[in-house]
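Have a look at the structure below, then the notes.
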Amino acid sequence: MIDEIEALDRILSSTAKPEIEEVGLVAAAGRYLLEELRSTVAVPGFDQSAMDGYALRSMDLGSNGGALRISGLSAAGCENPGILQAGEAMRIFTGAPLPEGCDAVVMQENTLDEGGKLVVNQKVKKGECVRRKGDVICRGQLIASSGDRLNPGLLGLIASQGYTSLPVALWPRVAVITTGNELVDPAVGKLKPGQIFNSNSTMLQVALRRLGIQNVDLYHVEDQLQATIEVIRMAMHRCQLVLVVGGVSVGDRDQVKPALEECGANVEFWRVRIKPGKPLLYASFGENGQLFGLPGNPVSALVTFAIFVLPAVQRRLGACDKNLGMRRLTARSLSSITNQSDRPHYVRGVFDGDAGFLASACQTSHNTMGLAQSNALARIAARTCVNCGDLLTVHLLWEY
Ligand code: AMP
Ligand code: MG
(Lines give C-alpha, C1' and ligand atoms only; values in the text may rest on other atoms or scores of the structure.)
(Ligands and ions follow the chains in the order given, each with its own letter.)
Protein backbone atom coordinates (compact mmCIF):
# COMPACT_ATOMS: atom_id res chain seq x y z
CA MET A 1 0.00 0.00 0.00
CA ILE A 2 1.41 3.43 -0.90
CA ASP A 3 0.64 7.00 0.12
CA GLU A 4 -1.69 9.10 -2.03
CA ILE A 5 1.05 11.71 -2.71
CA GLU A 6 3.44 9.04 -3.93
CA ALA A 7 0.66 7.44 -5.98
CA LEU A 8 -0.12 10.73 -7.70
CA ASP A 9 3.61 11.39 -8.29
CA ARG A 10 4.03 8.02 -9.96
CA ILE A 11 0.95 8.56 -12.08
CA LEU A 12 1.96 12.02 -13.25
CA SER A 13 5.59 11.11 -13.90
CA SER A 14 4.48 8.25 -16.13
CA THR A 15 1.85 10.27 -18.00
CA ALA A 16 2.73 10.80 -21.66
CA LYS A 17 3.34 14.26 -23.09
CA PRO A 18 0.44 15.44 -25.24
CA GLU A 19 0.36 14.75 -28.95
CA ILE A 20 -0.36 17.99 -30.77
CA GLU A 21 -3.08 19.00 -33.22
CA GLU A 22 -3.85 22.50 -34.53
CA VAL A 23 -7.52 23.53 -34.20
CA GLY A 24 -9.64 26.67 -34.65
CA LEU A 25 -10.16 28.94 -31.65
CA VAL A 26 -13.75 27.87 -30.97
CA ALA A 27 -12.82 24.19 -31.14
CA ALA A 28 -9.99 24.92 -28.67
CA ALA A 29 -12.43 26.09 -25.97
CA GLY A 30 -11.85 24.37 -22.63
CA ARG A 31 -8.64 22.70 -23.86
CA TYR A 32 -5.07 23.61 -22.88
CA LEU A 33 -2.78 25.78 -24.96
CA LEU A 34 0.44 23.97 -25.93
CA GLU A 35 2.69 26.90 -26.76
CA GLU A 36 3.54 30.36 -25.51
CA LEU A 37 1.73 33.17 -27.36
CA ARG A 38 2.88 36.77 -27.87
CA SER A 39 0.83 39.71 -29.03
CA THR A 40 1.01 40.63 -32.69
CA VAL A 41 -0.64 44.05 -32.35
CA ALA A 42 -0.82 46.65 -29.57
CA VAL A 43 -4.12 47.02 -27.68
CA PRO A 44 -5.49 49.60 -28.26
CA GLY A 45 -3.89 49.69 -31.69
CA PHE A 46 -4.15 53.54 -31.86
CA ASP A 47 -5.12 56.45 -29.60
CA GLN A 48 -8.91 56.36 -29.39
CA SER A 49 -12.00 57.59 -27.57
CA ALA A 50 -13.33 55.64 -24.58
CA MET A 51 -16.78 57.31 -24.81
CA ASP A 52 -19.36 58.75 -27.14
CA GLY A 53 -18.75 62.51 -26.87
CA TYR A 54 -16.50 65.24 -28.25
CA ALA A 55 -12.77 65.25 -28.85
CA LEU A 56 -11.13 68.50 -27.72
CA ARG A 57 -7.95 70.18 -26.55
CA SER A 58 -8.15 70.39 -22.75
CA MET A 59 -6.25 73.69 -22.75
CA ASP A 60 -9.14 75.33 -24.70
CA LEU A 61 -11.43 75.00 -21.65
CA GLY A 62 -11.17 76.72 -18.27
CA SER A 63 -11.88 75.36 -14.81
CA ASN A 64 -15.65 75.80 -15.42
CA GLY A 65 -15.57 74.57 -19.01
CA GLY A 66 -16.34 76.86 -21.94
CA ALA A 67 -17.70 76.86 -25.50
CA LEU A 68 -16.12 75.26 -28.59
CA ARG A 69 -16.96 75.18 -32.31
CA ILE A 70 -18.11 71.71 -33.49
CA SER A 71 -16.15 70.57 -36.52
CA GLY A 72 -16.04 67.13 -38.12
CA LEU A 73 -16.73 63.63 -36.89
CA SER A 74 -14.73 60.52 -36.02
CA ALA A 75 -16.58 57.19 -35.82
CA ALA A 76 -15.22 53.65 -35.17
CA GLY A 77 -13.46 52.44 -38.29
CA CYS A 78 -12.64 55.98 -39.51
CA GLU A 79 -9.27 55.90 -41.28
CA ASN A 80 -8.11 59.47 -40.69
CA PRO A 81 -10.13 61.94 -38.60
CA GLY A 82 -7.87 64.85 -39.53
CA ILE A 83 -6.61 67.68 -37.33
CA LEU A 84 -8.36 69.48 -34.46
CA GLN A 85 -7.70 73.24 -34.54
CA ALA A 86 -7.60 75.52 -31.49
CA GLY A 87 -11.12 76.26 -30.18
CA GLU A 88 -12.66 73.25 -31.94
CA ALA A 89 -14.43 70.10 -30.74
CA MET A 90 -14.97 67.03 -32.94
CA ARG A 91 -17.95 64.69 -32.56
CA ILE A 92 -16.46 61.29 -31.66
CA PHE A 93 -17.70 57.79 -30.78
CA THR A 94 -16.32 54.95 -28.66
CA GLY A 95 -13.36 53.21 -30.30
CA ALA A 96 -12.90 55.96 -32.95
CA PRO A 97 -9.39 57.37 -33.58
CA LEU A 98 -8.57 60.73 -31.99
CA PRO A 99 -7.92 63.61 -34.37
CA GLU A 100 -4.43 65.09 -34.26
CA GLY A 101 -4.08 67.80 -31.59
CA CYS A 102 -6.82 66.39 -29.35
CA ASP A 103 -5.79 65.31 -25.84
CA ALA A 104 -9.16 64.60 -24.17
CA VAL A 105 -12.76 63.59 -24.82
CA VAL A 106 -15.75 64.96 -22.95
CA MET A 107 -18.69 62.61 -22.46
CA GLN A 108 -21.73 63.61 -24.48
CA GLU A 109 -23.81 63.56 -21.24
CA ASN A 110 -21.73 66.50 -19.91
CA THR A 111 -22.29 68.76 -22.91
CA LEU A 112 -24.93 70.81 -24.74
CA ASP A 113 -24.99 71.12 -28.53
CA GLU A 114 -26.34 74.61 -29.25
CA GLY A 115 -26.54 74.43 -33.05
CA GLY A 116 -22.91 73.89 -33.94
CA LYS A 117 -21.61 75.38 -30.68
CA LEU A 118 -20.61 72.93 -27.96
CA VAL A 119 -21.11 74.10 -24.37
CA VAL A 120 -19.15 72.28 -21.67
CA ASN A 121 -19.96 73.17 -18.07
CA GLN A 122 -17.02 71.56 -16.35
CA LYS A 123 -13.27 71.23 -16.45
CA VAL A 124 -11.98 68.47 -18.77
CA LYS A 125 -8.63 67.03 -17.74
CA LYS A 126 -5.91 66.10 -20.21
CA GLY A 127 -6.25 62.37 -21.02
CA GLU A 128 -9.88 62.15 -19.91
CA CYS A 129 -11.91 59.44 -21.71
CA VAL A 130 -8.93 58.65 -23.89
CA ARG A 131 -7.43 55.19 -24.47
CA ARG A 132 -3.78 55.41 -25.43
CA LYS A 133 -2.12 53.07 -27.94
CA GLY A 134 -0.60 50.05 -26.14
CA ASP A 135 -1.92 50.88 -22.68
CA VAL A 136 -3.39 47.35 -22.37
CA ILE A 137 -0.90 45.32 -24.40
CA CYS A 138 2.33 46.21 -26.20
CA ARG A 139 3.34 44.43 -29.36
CA GLY A 140 5.40 41.29 -28.61
CA GLN A 141 4.17 40.95 -25.02
CA LEU A 142 3.53 37.47 -23.57
CA ILE A 143 -0.24 36.95 -23.55
CA ALA A 144 -0.62 33.21 -22.80
CA SER A 145 1.58 30.35 -21.60
CA SER A 146 1.76 26.67 -22.39
CA GLY A 147 -0.67 24.78 -20.15
CA ASP A 148 -3.16 27.63 -19.80
CA ARG A 149 -6.83 26.62 -19.99
CA LEU A 150 -8.50 28.22 -22.98
CA ASN A 151 -11.48 29.98 -21.39
CA PRO A 152 -13.69 32.53 -23.21
CA GLY A 153 -11.75 35.56 -21.90
CA LEU A 154 -8.38 34.18 -22.95
CA LEU A 155 -9.71 33.05 -26.34
CA GLY A 156 -11.18 36.52 -26.86
CA LEU A 157 -7.77 38.05 -26.17
CA ILE A 158 -6.09 35.57 -28.54
CA ALA A 159 -8.66 36.35 -31.26
CA SER A 160 -7.98 40.07 -30.77
CA GLN A 161 -4.41 39.31 -31.77
CA GLY A 162 -5.43 37.83 -35.11
CA TYR A 163 -4.73 34.19 -34.30
CA THR A 164 -7.07 31.76 -36.04
CA SER A 165 -5.80 28.39 -34.81
CA LEU A 166 -3.90 27.02 -31.81
CA PRO A 167 -1.94 23.90 -30.90
CA VAL A 168 -3.78 21.69 -28.39
CA ALA A 169 -3.57 18.02 -27.40
CA LEU A 170 -5.10 15.32 -29.55
CA TRP A 171 -7.87 13.63 -27.60
CA PRO A 172 -6.61 10.34 -26.19
CA ARG A 173 -8.63 7.22 -26.99
CA VAL A 174 -10.26 6.09 -23.77
CA ALA A 175 -11.92 2.83 -22.74
CA VAL A 176 -14.15 2.14 -19.75
CA ILE A 177 -14.46 -1.53 -18.80
CA THR A 178 -17.01 -2.49 -16.17
CA THR A 179 -16.67 -5.86 -14.50
CA GLY A 180 -19.10 -8.01 -12.53
CA ASN A 181 -21.62 -10.86 -12.99
CA GLU A 182 -24.25 -8.86 -11.10
CA LEU A 183 -24.40 -5.91 -13.52
CA VAL A 184 -27.19 -5.23 -15.98
CA ASP A 185 -27.11 -2.50 -18.60
CA PRO A 186 -30.18 -0.33 -17.82
CA ALA A 187 -30.86 -0.07 -21.57
CA VAL A 188 -30.88 -3.82 -22.04
CA GLY A 189 -32.67 -5.65 -19.30
CA LYS A 190 -34.67 -5.87 -16.09
CA LEU A 191 -33.12 -6.92 -12.80
CA LYS A 192 -33.23 -10.54 -11.66
CA PRO A 193 -32.58 -11.38 -8.01
CA GLY A 194 -29.04 -10.48 -7.02
CA GLN A 195 -28.51 -8.13 -9.95
CA ILE A 196 -27.98 -4.35 -10.02
CA PHE A 197 -27.92 -1.80 -12.81
CA ASN A 198 -24.52 -0.79 -14.14
CA SER A 199 -24.25 2.85 -13.05
CA ASN A 200 -20.47 3.36 -13.03
CA SER A 201 -20.36 3.15 -16.80
CA THR A 202 -22.60 6.20 -17.14
CA MET A 203 -20.98 8.06 -14.24
CA LEU A 204 -17.44 7.69 -15.63
CA GLN A 205 -18.46 8.60 -19.17
CA VAL A 206 -19.98 11.78 -17.80
CA ALA A 207 -16.91 12.56 -15.67
CA LEU A 208 -14.74 12.14 -18.79
CA ARG A 209 -17.08 14.26 -20.87
CA ARG A 210 -16.57 17.18 -18.48
CA LEU A 211 -12.92 17.03 -19.56
CA GLY A 212 -14.01 17.19 -23.19
CA ILE A 213 -13.60 13.47 -23.91
CA GLN A 214 -16.70 12.65 -25.94
CA ASN A 215 -15.96 9.24 -27.35
CA VAL A 216 -15.33 6.38 -24.99
CA ASP A 217 -15.06 2.69 -25.92
CA LEU A 218 -17.37 0.84 -23.55
CA TYR A 219 -16.91 -2.78 -22.52
CA HIS A 220 -18.45 -5.02 -19.94
CA VAL A 221 -17.02 -8.31 -18.75
CA GLU A 222 -18.12 -10.95 -16.25
CA ASP A 223 -15.85 -12.05 -13.41
CA GLN A 224 -14.03 -14.64 -15.46
CA LEU A 225 -10.27 -14.58 -16.00
CA GLN A 226 -10.04 -15.45 -19.69
CA ALA A 227 -12.79 -13.03 -20.70
CA THR A 228 -11.18 -10.30 -18.59
CA ILE A 229 -7.80 -10.88 -20.25
CA GLU A 230 -9.39 -10.65 -23.69
CA VAL A 231 -11.30 -7.46 -23.05
CA ILE A 232 -8.35 -5.69 -21.38
CA ARG A 233 -6.09 -6.76 -24.28
CA MET A 234 -8.53 -5.34 -26.77
CA ALA A 235 -8.85 -2.06 -24.84
CA MET A 236 -5.05 -1.75 -24.46
CA HIS A 237 -4.68 -2.32 -28.19
CA ARG A 238 -7.22 0.37 -29.15
CA CYS A 239 -6.81 2.99 -26.40
CA GLN A 240 -4.18 5.00 -24.52
CA LEU A 241 -6.22 5.36 -21.36
CA VAL A 242 -8.12 2.39 -19.93
CA LEU A 243 -10.37 2.57 -16.86
CA VAL A 244 -11.35 -0.82 -15.45
CA VAL A 245 -14.02 -0.62 -12.76
CA GLY A 246 -14.54 -3.26 -10.11
CA GLY A 247 -12.71 -6.54 -9.69
CA VAL A 248 -9.57 -4.96 -8.18
CA SER A 249 -10.09 -5.95 -4.56
CA VAL A 250 -8.85 -9.06 -2.80
CA GLY A 251 -11.84 -11.33 -3.53
CA ASP A 252 -11.41 -14.66 -5.38
CA ARG A 253 -13.65 -13.26 -8.11
CA ASP A 254 -11.46 -10.18 -8.63
CA GLN A 255 -9.80 -10.94 -11.95
CA VAL A 256 -8.29 -7.63 -12.99
CA LYS A 257 -4.87 -7.94 -11.36
CA PRO A 258 -4.16 -11.50 -12.59
CA ALA A 259 -5.49 -10.55 -16.03
CA LEU A 260 -3.12 -7.56 -16.26
CA GLU A 261 -0.13 -9.81 -15.66
CA GLU A 262 -1.23 -11.91 -18.65
CA CYS A 263 -1.75 -8.79 -20.79
CA GLY A 264 1.81 -7.51 -20.34
CA ALA A 265 0.76 -4.37 -18.45
CA ASN A 266 3.20 -3.05 -15.85
CA VAL A 267 1.43 -2.80 -12.51
CA GLU A 268 3.02 0.32 -10.96
CA PHE A 269 1.07 0.11 -7.72
CA TRP A 270 -1.96 -1.53 -6.17
CA ARG A 271 -3.71 -0.20 -3.07
CA VAL A 272 -3.39 3.36 -1.83
CA ARG A 273 -3.63 4.69 1.73
CA ILE A 274 -6.89 6.54 1.20
CA LYS A 275 -10.54 6.21 2.13
CA PRO A 276 -12.62 5.50 0.13
CA GLY A 277 -10.67 3.89 -2.73
CA LYS A 278 -8.00 1.71 -1.11
CA PRO A 279 -8.00 -0.97 -3.87
CA LEU A 280 -6.93 1.50 -6.60
CA LEU A 281 -4.56 -0.06 -9.13
CA TYR A 282 -2.38 1.72 -11.63
CA ALA A 283 -0.52 0.19 -14.55
CA SER A 284 1.36 1.45 -17.57
CA PHE A 285 1.46 -0.31 -20.93
CA GLY A 286 3.03 0.06 -24.37
CA GLU A 287 4.58 3.38 -25.34
CA ASN A 288 2.25 5.76 -23.52
CA GLY A 289 -0.67 3.72 -22.18
CA GLN A 290 -2.14 4.11 -18.72
CA LEU A 291 -4.61 1.80 -17.01
CA PHE A 292 -6.48 2.55 -13.81
CA GLY A 293 -8.26 -0.19 -11.88
CA LEU A 294 -10.95 1.66 -9.93
CA PRO A 295 -12.92 0.07 -7.09
CA GLY A 296 -16.48 -0.88 -8.07
CA ASN A 297 -18.34 0.87 -5.28
CA PRO A 298 -19.69 3.96 -7.03
CA VAL A 299 -18.49 6.42 -4.38
CA SER A 300 -14.99 4.92 -4.39
CA ALA A 301 -14.95 4.87 -8.20
CA LEU A 302 -15.81 8.57 -8.43
CA VAL A 303 -13.51 9.69 -5.62
CA THR A 304 -10.52 7.83 -7.08
CA PHE A 305 -11.39 9.19 -10.52
CA ALA A 306 -11.38 12.75 -9.13
CA ILE A 307 -8.14 12.38 -7.16
CA PHE A 308 -6.03 10.27 -9.53
CA VAL A 309 -7.51 9.89 -13.02
CA LEU A 310 -8.55 13.53 -13.42
CA PRO A 311 -5.04 15.03 -13.03
CA ALA A 312 -3.57 12.32 -15.25
CA VAL A 313 -6.02 13.14 -18.04
CA GLN A 314 -5.46 16.88 -17.57
CA ARG A 315 -1.68 16.37 -17.80
CA ARG A 316 -2.13 14.29 -20.96
CA LEU A 317 -4.20 17.14 -22.36
CA GLY A 318 -1.37 19.59 -21.60
CA ALA A 319 -2.48 21.27 -18.34
CA CYS A 320 0.24 23.05 -16.37
CA ASP A 321 0.67 22.25 -12.64
CA LYS A 322 -1.69 24.94 -11.39
CA ASN A 323 -4.47 23.57 -13.59
CA LEU A 324 -4.24 19.99 -12.31
CA GLY A 325 -6.96 18.38 -10.21
CA MET A 326 -10.18 19.62 -8.69
CA ARG A 327 -10.42 23.26 -7.62
CA ARG A 328 -9.42 23.53 -3.94
CA LEU A 329 -10.37 26.10 -1.37
CA THR A 330 -10.57 26.61 2.35
CA ALA A 331 -13.92 26.47 4.15
CA ARG A 332 -15.25 26.17 7.67
CA SER A 333 -16.67 22.84 8.70
CA LEU A 334 -20.33 23.09 9.70
CA SER A 335 -20.14 19.90 11.78
CA SER A 336 -17.54 17.93 13.66
CA ILE A 337 -15.94 15.13 11.63
CA THR A 338 -13.90 12.30 13.11
CA ASN A 339 -11.57 10.10 11.09
CA GLN A 340 -10.55 7.17 13.24
CA SER A 341 -8.97 5.32 10.34
CA ASP A 342 -5.22 5.21 9.60
CA ARG A 343 -5.92 6.55 6.09
CA PRO A 344 -6.90 10.10 5.06
CA HIS A 345 -10.66 10.22 4.52
CA TYR A 346 -12.18 12.13 1.62
CA VAL A 347 -15.51 13.05 3.14
CA ARG A 348 -18.43 13.89 0.84
CA GLY A 349 -20.58 16.90 1.55
CA VAL A 350 -22.04 20.15 0.41
CA PHE A 351 -19.91 23.27 0.04
CA ASP A 352 -22.03 26.39 0.24
CA GLY A 353 -19.81 29.38 -0.51
CA ASP A 354 -21.03 31.52 2.37
CA ALA A 355 -21.76 29.04 5.09
CA GLY A 356 -18.97 26.46 4.67
CA PHE A 357 -18.84 22.68 4.25
CA LEU A 358 -21.45 20.31 5.63
CA ALA A 359 -20.41 16.65 5.57
CA SER A 360 -23.09 14.12 4.50
CA ALA A 361 -24.49 12.13 7.37
CA CYS A 362 -23.70 8.77 5.76
CA GLN A 363 -20.21 8.20 4.36
CA THR A 364 -20.40 4.53 3.25
CA SER A 365 -18.91 3.88 -0.18
CA HIS A 366 -22.11 2.40 -1.62
CA ASN A 367 -24.16 5.48 -0.65
CA THR A 368 -24.97 6.84 -4.07
CA MET A 369 -27.62 9.18 -2.62
CA GLY A 370 -25.00 10.93 -0.45
CA LEU A 371 -22.71 11.18 -3.49
CA ALA A 372 -25.43 12.62 -5.71
CA GLN A 373 -26.24 15.28 -3.14
CA SER A 374 -22.59 16.29 -2.62
CA ASN A 375 -20.59 18.84 -4.55
CA ALA A 376 -17.31 18.63 -2.65
CA LEU A 377 -14.84 16.44 -0.81
CA ALA A 378 -13.07 17.47 2.38
CA ARG A 379 -9.79 15.72 3.15
CA ILE A 380 -9.59 14.68 6.78
CA ALA A 381 -6.12 13.43 7.76
CA ALA A 382 -5.72 10.00 9.39
CA ARG A 383 -6.74 9.79 13.08
CA THR A 384 -7.92 13.38 13.17
CA CYS A 385 -10.94 15.11 14.58
CA VAL A 386 -12.20 18.30 12.97
CA ASN A 387 -14.42 20.47 15.16
CA CYS A 388 -17.38 22.46 13.99
CA GLY A 389 -15.97 25.85 12.87
CA ASP A 390 -12.47 24.52 12.02
CA LEU A 391 -10.98 25.32 8.62
CA LEU A 392 -10.85 22.51 6.05
CA THR A 393 -9.42 22.00 2.57
CA VAL A 394 -12.35 21.41 0.28
CA HIS A 395 -12.07 19.96 -3.25
CA LEU A 396 -14.89 20.95 -5.58
CA LEU A 397 -16.11 17.81 -7.31
CA TRP A 398 -17.55 19.28 -10.49
CA GLU A 399 -15.15 22.17 -11.06
CA TYR A 400 -12.49 21.05 -13.44
P1 AMP B 1 -16.02 -4.74 -6.71
O2 AMP B 1 -15.04 -3.62 -6.68
O3 AMP B 1 -16.09 -5.44 -8.02
O4 AMP B 1 -15.78 -5.68 -5.58
O5 AMP B 1 -17.45 -4.09 -6.47
C6 AMP B 1 -17.76 -3.43 -5.27
C7 AMP B 1 -19.22 -3.05 -5.23
O8 AMP B 1 -19.49 -2.16 -6.29
C9 AMP B 1 -20.17 -4.20 -5.41
O10 AMP B 1 -21.29 -4.01 -4.58
C11 AMP B 1 -20.55 -4.11 -6.87
O12 AMP B 1 -21.80 -4.70 -7.13
C13 AMP B 1 -20.56 -2.63 -7.08
N14 AMP B 1 -20.27 -2.30 -8.47
C15 AMP B 1 -19.23 -2.78 -9.18
N16 AMP B 1 -19.26 -2.30 -10.43
C17 AMP B 1 -20.34 -1.51 -10.51
C18 AMP B 1 -20.92 -0.74 -11.57
N19 AMP B 1 -20.36 -0.71 -12.78
N20 AMP B 1 -22.04 -0.03 -11.30
C21 AMP B 1 -22.59 -0.04 -10.08
N22 AMP B 1 -22.08 -0.74 -9.05
C23 AMP B 1 -21.00 -1.50 -9.27
MG1 MG C 1 -17.01 -7.08 -8.74
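Every heavy atom of this structure was used, including side-chain atoms; hydrogens, water molecules and symmetry mates were not. One-based numbering along the sequence shown.
Note that the CZ atom of R315 and the OG atom of S14 stand 11.0 Å from one another [nearest 0.5 Å]. Note that the CG atom of D321 and the CD atom of Q314 stand 11.0 Å from one another [nearest 0.5 Å]. Atom-to-atom distance recorded for L294:CG and M203:CE is 8.5 Å, nearest 0.5 angstrom. The CD1 atom of I158 sits 11.0 Å away from atom OG1 of T40, with the distance rounded to the nearest 0.5 Å. Rounded to the nearest 0.5 angstrom, N200 CG and N198 CG are separated by 6.5 Å. In this structure, CG in L142 is found 5.0 Å from CD in E36, a value given to the nearest 0.5 Å.
Between L155 and L166 the shortest side-chain heavy-atom distance falls below 4.5 Å. Side-chain atoms of D354 and D352, non-hydrogen and from C-beta on, do get closer than 4.5 Å to each other. Between L183 and I196 there is a side-chain heavy-atom pair separated by less than 4.5 Å. Taking the side chain as every heavy atom from C-beta outward, Q85 and E88 approach each other to under 4.5 Å. Residues R31 and L317 are not in side-chain contact: their nearest non-hydrogen atoms beyond the backbone lie 4.5 Å or more apart.
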Distance-only donor-acceptor pairs under 3.5 Å for side chains of residues 243-252, two or more places apart:
none

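Residues L324 and V303 fall within the same hydrophobic cluster, defined by Ile, Leu, Val, Met, Phe, Trp and Tyr side chains chained together at heavy-atom separations under 4.5 Å. Neither L260 nor F269 shares a network with the other; the hydrophobic side chains, linked directly or stepwise wherever heavy atoms of I, L, V, M, F, W or Y lie under 4.5 Å apart, form separate groups for each. V299 and L204 fall within the same hydrophobic cluster, where Ile, Leu, Val, Met, Phe, Trp and Tyr residues are linked whenever their side-chain heavy atoms come under 4.5 Å apart, directly or through other members. There is a path of hydrophobic side-chain contacts, each under 4.5 Å, that joins Y163 to V168.
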*Apply side chain to side chain contact (heavy atoms under 4.5 Å, CB included) to the pair I137 and L157, showing each step before the final yes or no.*
CA-CA 10 Å; I137 298 168; L157 171 69; 3.3 Å; yes
*When you look at I2 and R273, which way does the side chain to side chain contact (heavy atoms under 4.5 Å, CB included) test go after all the steps?*
CA-CA 6 Å; I2 66 169; R273 196 166 293 110; over 6 Å; no
*asked:* Test side chain to side chain contact (heavy atoms under 4.5 Å, CB included) on I177 and V242; report intermediate values, then the result.
replied: CA-CA 8 Å; I177 305 172; V242 179; 3.8 Å; yes
_Determine whether S284 and E268 satisfy the following criterion, side-chain hydrogen bond (donor to acceptor under 3.5 Å, both in side chains), listing intermediate values before the conclusion._
CA-CA 7 Å; S284 54; E268 308 269 349; 2.6 Å; yes
_Run the side-chain hydrogen bond (donor to acceptor under 3.5 Å, both in side chains) test on Q108 and R91 for me, step by step, so that the C-alpha distance in whole Å, both residues' side-chain angles and the decisive distance to 0.1 Å come before the verdict._
CA-CA 9 Å; Q108 149 182 336; R91 184 77 173 115; 2.9 Å; yes
_Checking R343 against K278 for the side chain to side chain contact (heavy atoms under 4.5 Å, CB included) test, could you report, in this order, the C-alpha distance in whole Å, the side-chain angles of both residues, the deciding distance, and whether it holds?_
CA-CA 9 Å; R343 293 173 276 151; K278 184 167 78 173; 3.4 Å; yes
*Walk me through it: do Q290 and R316 pass the test side-chain hydrogen bond (donor to acceptor under 3.5 Å, both in side chains)?*
CA-CA 10 Å; Q290 289 176 295; R316 200 177 259 275; 3.2 Å; yes
*Go through the steps to decide whether E22 and S165 satisfy the test side-chain hydrogen bond (donor to acceptor under 3.5 Å, both in side chains), and finish with yes or no.*
CA-CA 6 Å; E22 188 86 12; S165 68; 2.9 Å; yes
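Ring pair F357/F351: centre-to-centre distance not below 6.0 Å.
E128 pairs by the salt bridge (Lys or Arg N to Asp or Glu O under 4.0 Å) definition with nothing, not counting sequence neighbours. The side chain to side chain donor-acceptor pair (under 3.5 Å) check on Q340 picks up nothing, with sequence neighbours excluded.
Between R132 and D47, at least one side-chain nitrogen of the basic residue sits less than 4.0 Å from a carboxylate oxygen of the acidic one, meeting the salt-bridge criterion. Note on R332 versus D390: no salt bridge recorded, every NZ/NE/NH1/NH2 to OD/OE distance being 4.0 Å or above.
Within a 6.0 Å radius of CZ in R210, other residues, nucleotides and ligands contribute more than 12 heavy atoms. The number of heavy atoms from other shown groups lying within 6.0 Å of CD (E100) does not exceed 12. Other residues, nucleotides and ligands contribute more than 12 heavy atoms inside 6.0 Å of the CG atom of N151.
Looking only at atom types and distance, the side chain of R38 has no donor-acceptor partner in the side chain of Q141 under 3.5 Å away. Side-chain atoms of R131 and Q48 include a donor-acceptor pair closer than 3.5 Å. Under the 3.5 Å distance criterion, with hydrogens and angles disregarded, a donor-acceptor pair is assigned to the side chains of D52 and T94.
A donor-acceptor pair under 3.5 Å is absent between the side-chain atoms of E114 and the main chain of K117, judged by distance alone. Looking only at distances, a side-chain donor or acceptor of Q363 sits under 3.5 Å from a matching main-chain atom of R348. N297 contributes no side-chain N or O that, together with a main-chain N or O of S300, makes up a donor-acceptor pair within less than 3.5 Å. Panel note: side chain W270, backbone P279; a donor-acceptor pair is recorded below 3.5 Å. Judged by distance alone, the side chain of N266 and the main-chain N or O of F285 form no donor-acceptor pair under 3.5 Å. D3 contributes no side-chain N or O that, together with a main-chain N or O of I5, makes up a donor-acceptor pair within less than 3.5 Å.
H395 and Y346 have perpendicular rings, their planes meeting at more than 60° on a 0 to 90° scale where under 30° would count as parallel.
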